[in-house]
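A quick write-up on the structure given underneath.
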Amino acid sequence: AQSVAQPEDQVNVAEGNPLTVKCTYSVSGNPYLFWYVQYPNRGLQFLLKYITGDNLVKGSYGFEAEFNKSQTSFHLKKPSALVSDSALYFCAVKGDTGRRALTFGSGTRLQVQP
Amino acid sequence: GAGVSQTPSNKVTEKGKYVELRCDPISGHTALYWYRQSLGQGPEFLIYFQGTGAADDSGLPNDRFFAVRPEGSVSTLKIQRTERGDSAMYLCASSLSGTYNEQFFGPGTRLTVL
């Protein structure tokens, strides 16, 4: 079975400060890890993914994520937060064997204060 | 190019009625997924199509739920004898074949069962 934990329901950060949204996972085999963002009344938008290679992955809108195999984590980061980054963020995983469907975490709401 | 589209955007029905939800994937995407998202939770997998066939339907909650993709493009999720607990956002996603490809999501259909 595969699972994702996002331990924080909400993260608050001031505009211009760095942000981190945490994610840990459990999966059989090698993990494929994804981050998605959901704005109100809109679908999930793909931000970035880790498949293999460099542990630091860069994605859309200045976001990046760091894969840590020993800690089974894939935290989302951004050096300088914008008010427009305020949204719901989901981490998702699937293994390189078995089911093709993604398993999502419960989401973390990011609030960036001006 | 055009993204994943879903119709209707909202569907209100009465308990016991039959509903159909439609998904138009991105052209050329052979993989298609249905997920269900309840308020405050991450999406949960329902069914996965590779081409015309359902490759994994392990997420369907019971036999009231059924999905088809007869020509390998448009898919319809069908729910018989709807119950109030079926109320949720139903999301469709498509991707290129290959385990590591990201899924692109549609805006969803919000189903409300009265």
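So that the names make sense, note that chain A is the first sequence line, chain B the second, and so on, each numbered from 1. In what follows, every heavy atom counts, from backbone to side chain, and hydrogens, waters and symmetry copies are set aside. Everything quoted here is computed from the prediction, not taken from an experiment.
Interface check for chain B: of the options A:G43, A:A92, A:A101, A:C91, the most heavy-atom pairs under 4.5 Å are formed by A:A101.
Looking at A:L44, the atoms closer than 4.5 Å to chain B (heavy atoms on both sides) sit in the backbone and in the side chain alike. Residue contact with chain A, scored on non-hydrogen atoms closer than 4.5 Å, involves the backbone and the side chain of B:E102 alike. Proximity to chain A involves both the backbone and the side chain of B:Y100, based on heavy atoms less than 4.5 angstrom apart. Contact of B:E44 with chain A is not made at all, since no heavy-atom distance falls under 4.5 Å. For A:Q45, no part lies near chain B; criterion is any non-hydrogen pair under 4.5 Å.
More than 12 heavy atoms of other residues, nucleotides or ligands sit less than 6.0 Å from atom CZ of B:R64. Heavy atoms of other residues, nucleotides or ligands lying less than 6.0 angstrom from CZ of B:F66 number 12 at most.
Test A:F63, A:F74, A:Y61 against A:Y89 for ring-ring contact (aromatic ring centres under 6.0 Å, His included) and you get one pass: A:F63.
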What's the verdict on ring-ring contact (aromatic ring centres under 6.0 Å, His included) for B:F49 and B:Y33, showing C-alpha distance, side-chain angles and the deciding distance?
CA-CA 6 Å; B:F49 287 90; B:Y33 303 79; 9.6 Å; no

Go through it in stages, so that I can follow the logic: the residues are A:Y36 and A:F90, the test is ring-ring contact (aromatic ring centres under 6.0 Å, His included), and I'd like the CA-CA distance, side-chain angles, deciding distance and then a yes or no.
CA-CA 5 Å; A:Y36 285 84; A:F90 290 96; 8.7 Å; no

